[in-house]
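Everything on this sheet refers to the single structure shown next.
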Amino acid sequence: MQKKLTITIDEEIYKGLHRVIGRGKISGFIENLVRPHVHASHLDASYRELAEQEASGSESPETLEWVEVLTGDVGVILE
């Protein structure tokens, strides 16, 4: 179900949205920008995948890279 939302923005932004995004497409554009900040299902899926990998003992190269990057950051903080 969709809901109507009234927002106030600067006139330059309003004109830019019409010029760049186009009339009738602004709501979808704003929704796509906002969705990741208010809808965490993609995070839930990612955490679930990581937990499954950990339980099975198999980690993807992306997971190992992510861990190495975070571990490097911790080392810098501790110094």
Side-chain angles (χ1 to χ4, degrees):
M1 174 166 72
Q2 292 185 333
K3 295 285 188 177
K4 184 175 182 177
L5 173 68
T6 302
I7 61 172
T8 304
I9 59 173
D10 185 79
E11 185 176 5
E12 287 182 41
I13 301 298
Y14 178 79
K15 288 178 181 179
L17 284 169
H18 274 272
R19 184 179 66 253
V20 176
I21 305 306
R23 189 175 191 92
K25 299 178 184 177
I26 295 172
S27 291
F29 175 76
I30 292 173
E31 185 174 337
N32 288 334
L33 288 175
V34 172
R35 183 179 303 277
H37 298 281
V38 297
H39 194 326
S41 67
H42 67 284
L43 289 177
D44 293 340
S46 296
Y47 286 131
R48 194 175 311 106
E49 181 182 335
L50 287 173
E52 289 170 2
Q53 288 176 357
E54 185 177 288
S56 70
S58 67
E59 284 119 4
S60 69
E62 294 84 12
T63 303
L64 294 174
E65 182 179 337
W66 181 71
V67 169
E68 288 172 2
V69 168
L70 290 178
T71 304
D73 290 346
V74 171
V76 171
I77 293 170
L78 295 175
E79 290 178 349

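Heavy-atom basis, side chains included; hydrogens, waters and symmetry copies ignored.
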Completion exercise
Separation between NE2 (His18) and CD1 (Ile13), nearest 0.5 Å, reads 12.5 Å
Fill in the blank from the handout: When rounded to the nearest 0.5 Å, the distance separating CD of Glu31 from CG of Leu5 is 10.5 Å
Exercise for the section: Answer whether the closest heavy-atom distance between the side chains of Ile7 and Ile30 falls below 4.5 Å. Expected result: yes
Exercise for the section: Give, for atom CD1 of Ile26 and atom CG of Leu17, the distance between the pair rounded to the nearest 0.5 Å. Expected result: 5.0 Å
Exercise for the section: Kindly compute the distance separating CD1 (Ile9) from OH (Tyr14), expressed to the nearest 0.5 Å. Expected result: 8.0 Å
